[in-house]
Amino acid sequence: MIISVLDYLEEAAGRFPDKTAFADTEESFSFRRLAECAKATGSRLAAAIPEKKPVAVCMKKGANNIAAFLGAVSAGCFYVPIDVQMPPERISLILEVLKPEAVICDEPGAESIRNAGGDYRILLYADAVATPPDEELLRKRRENIKSTDLLYVLFTSGSTGTPKGVTIPHAAMIDMTEWMCEKYALSETNSFCNQAPFYFDASVPDIYLPLKLGASCYIPPKSYYTFPKKILQFISEKAIDTLIWVPSALCNVVRARAFETCVPESVKLVIFCGEVMPCRFLNEWRRRIPEALYVNMYGPTEACYACTYYDVVKDFADDGVLPLGKACENSTALILDGDRLCAPGETGELCILGECLSYGYYNSPERTGEAFVQNPLNPQYREMMYRTGDLAYVAENGEMMFVGRKDSQIKRLGHRIELGEIEHAILADEGISNACCVYDSEKSDIIAIYSGSLSEEELKGKLGEKLPAYMLPTRFVRMMGLPMNINGKIDRALLKKEYGGGQNG
Amino acid sequence: MDELMEILRDLKPETDIRPDTALVDDGILDSLDIIELVDRIAVVFQVEIDPDEIDPDNFATAEKICELIASKKK
């Protein structure tokens with residue numbers, strides 16, 4: 001039985017010692033070297049700090065980050081990736097919540113941590129990996145690791161401005177990894193191309209699937225995604241077959257018309273999660289690489305990567321909507337109106353139960369209590385349920401459909417309107433690159449903020465053909481580019497403040 | 001050059017961009033910015049940038065982007 005992700009590492013290092021595990025453009029780790037570096041780092045940590053404590057990792061993105069993560073785990077601790085480029089104030093907020101026992105850094109990371117202030121134990125990665133392994137100490141630490149122990153904490157932006165640390169135990173990660181590998185028949189022959197940053201939940205399959213399988217994962221520089229031509233060439237050269245990306249990265253390939261320069265035919269599986277995937281971009285991928293299987297996954301960070309999936313096996317119109325599909329194995333998805341189960345077709349809040357769930361927010365019992373609650377349909381025994389804040393319904397064919405965020409649902413002139421639906425209609429047009437709608441409840445105005453080549457008049461005309469009058473935005477604001485928040489998503493709070501008269505709904 | 005600098009400042013109001021600022025190496029432009037920039041160049045300069053030309057060399061600095069636009073205008 002697999003207790004911790006160290007079991008994956010040990011097995012892969014035994015079966016494929018010399019095979020590439022993780023490689024960026026500067027450094028490559030075989031499974032053996034990865035295991036050695038994890039042990040060295042783990043020995044250094046274990047000698048200095050107690051087990052089951054948080055270890056932050058603040059390093060420039062690269063293959064060595066994974067050695068640092070697994071080093072923390074080898075010491076019986078859990079890791080917390082911190083973006084080295086994050087503003088010092090935010091790093092400081094995170095560290096205050098986390099109170100890490102140690103921070104593993106490279107030189108730029110150490111500078112970021114020092115700039116954030118506070119007195120934290122900084123351990124340079126270069127020193128840590130040079131530590132002779134203390135096998136006896138590591139064995140003791142490992143014996144005490146339980147599958148219910150935390151594996152990592154990922155910080156996401158909270159609506160109040162204080163970051164929330166989502167806790168994920170080994171068991172949840174192992175469960176997700178085993179299911180994905182089995183469901184998509186993955187093996188050591190597959191290869192992965194990491195896109196998401198490691199402080200973002202969308203990256204965790206890129207670490208643990210290769211580790212379980214003994215497969216290789218490449219970590220190209222961020223600039224390759226800025227210039228999608230480069231990433232397609234890279235995928236093609238390395239004959240990579242599995243992409244687990246966020247939708248916006250897939251969309252950018254299409255927007256930059258990069259397929260006109262290169263079509264990586266090696267790709268066989270494309271999984272996307274983290275945002276809504278607009279069908280018109282997906283359709284272009286399917287036209288260019290028709291042999292690949294495309295999978296729409298859904299899951300907040302609180303549900304260890306994903307909790308629902310939909311294999312795209314039929315055609316969708318460019319303005320179509322992909323289903324969320326069904327719950328992943330060992331997860332349950334319920335659609336509730338308050339504490340009542342919704343009937344088929346009825347929209348309610350999507351709530352998640354099962355192995356995938358986080359234990360809540362680190363050092364934040366109040367916020368944990370708000371989102372993680374007892375399953376109201378089960379009065380018999382304790383069963384945690386996470387309220388996602390997302391709205392969905394079950395369609396006639398049994399597939400779940402995403403509607404939007406609970407807090408972006410508005411009531412205007414007696415109509416219940418989902419702002420996401422208007423955004424969807426705007427985004428379906430080729431001339432639009434990004435869009436966000438906000439509501440000014442005082443004036444009953446819907447304001448559509450967008451970027452793209454369409455003029456305000458043109459967009460207004462096109463929407464008039466698609467949406468009922470009560471859903472039509474009253475004002476249009478064309479921007480050069482929409483502001484993004486720290487998670488790389490549209491900064492809705494900022495736009496709301498600027499155009500929506502402050503309060504929501 | 002002035003028109004291009006205006007577009008860049010509009011795109012990244014929080015950054016002090018000069019003609020020789022390293023737009024790519026310093027991570028100033030991200031993937032969405034590049035797409036916006038290409039769209040905007042098409043409108044303002046009436047030149048269509050080919051997908052093959054969207055690469056780090058051509059977008060390294062404002063000067064390089066200017067050269068690209070000039071070469072397309074010929």
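Protein chains get the first letters and strands the later ones, always in sequence-line order, with residue 1 at the start of each.
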Give a yes or no on whether a salt bridge exists between Asp52(B) and Lys229(A), defined as a side-chain N under 4.0 angstrom from a carboxylate O. yes
Drop me the distance from Leu29(B)'s CG to Ser223(A)'s OG, to the nearest 0.5 angstrom. 12.0 Å
Quick one: CD1 on Ile54(B) to CG on Asn252(A), what's the gap to the nearest 0.5 Å? 10.5 Å
Using a 4.5 Å cut-off on heavy atoms from C-beta on, say whether the side chain of Ile34(B) contacts that of Arg255(A). no
Please list, chain by chain and in numerical order, all residues satisfying salt bridge (charged side-chain N to carboxylate O under 4.0 Å, His left out) with Arg280(A), sequence neighbours excluded. none
Going by ring pair (Phe, Tyr, Trp, His ring centres under 6.0 Å), name the residues that satisfy it together with Tyr225(A), two or more places apart in sequence or in a different chain. Trp245(A)
Contacts of type ring pair (Phe, Tyr, Trp, His ring centres under 6.0 Å), residue Tyr294(A), not counting sequence neighbours: none
Please check if the number of heavy atoms outside Glu27(A) that lie under 6.0 Å from its CD is greater than 12. yes
How close do Glu36(B) and Ser433(A) get, heavy atom to heavy atom, and via which atoms? OE2-OG, 3.0 Å
Got a sec: does the CD of Glu430(A) have more than 12 other heavy atoms crowding it under 6.0 Å? no
Counting heavy-atom pairs under 4.5 angstrom with chain B, the leader among Ala258(A), Ser451(A), Gly431(A), Cys251(A) is Ser451(A)
Quick one: what part of Ile35(B) sits under 4.5 Å from any heavy atom of chain A, side chain, backbone, both or neither? side chain
Do any of residues 63-73 of chain B have a heavy atom less than 4.5 Å from a heavy atom of chain A, and if so, which, in residue order? none
Around atom CD of Glu53(B), are there more than 12 heavy atoms of other residues, nucleotides or ligands at under 6.0 Å? yes
Taking all non-hydrogen atoms of both residues, which atom of Pro51(B) and which atom of Ala256(A) are closest, and how far apart? CB-O, 3.6 Å
Other residues, nucleotides, ligands: >12 heavy atoms within 6.0 Å of Glu456(A) CD: yes
Pairwise distance CG(Asp10(B)) to CE(Met479(A)) - rounded to 0.5 angstrom: 9.0 Å
Measure the shortest side-chain to side-chain distance between Val24(B) and Phe227(A) over non-hydrogen atoms and say whether it is less than 4.5 angstrom. yes
Ile49(B), part contacting chain A, at a heavy-atom distance under 4.5 Å: backbone
Looking at CG of Leu454(A) and CG of Asp39(B), how far apart are the two atoms once the value is rounded to the nearest 0.5 Å? 11.0 Å
Counting only heavy atoms not in Glu260(A), do more than 12 fall under 6.0 Å of its CD? yes
So with a 6.0 Å cut-off around NZ of Lys12(B), is the heavy-atom count from everything else above 12? yes
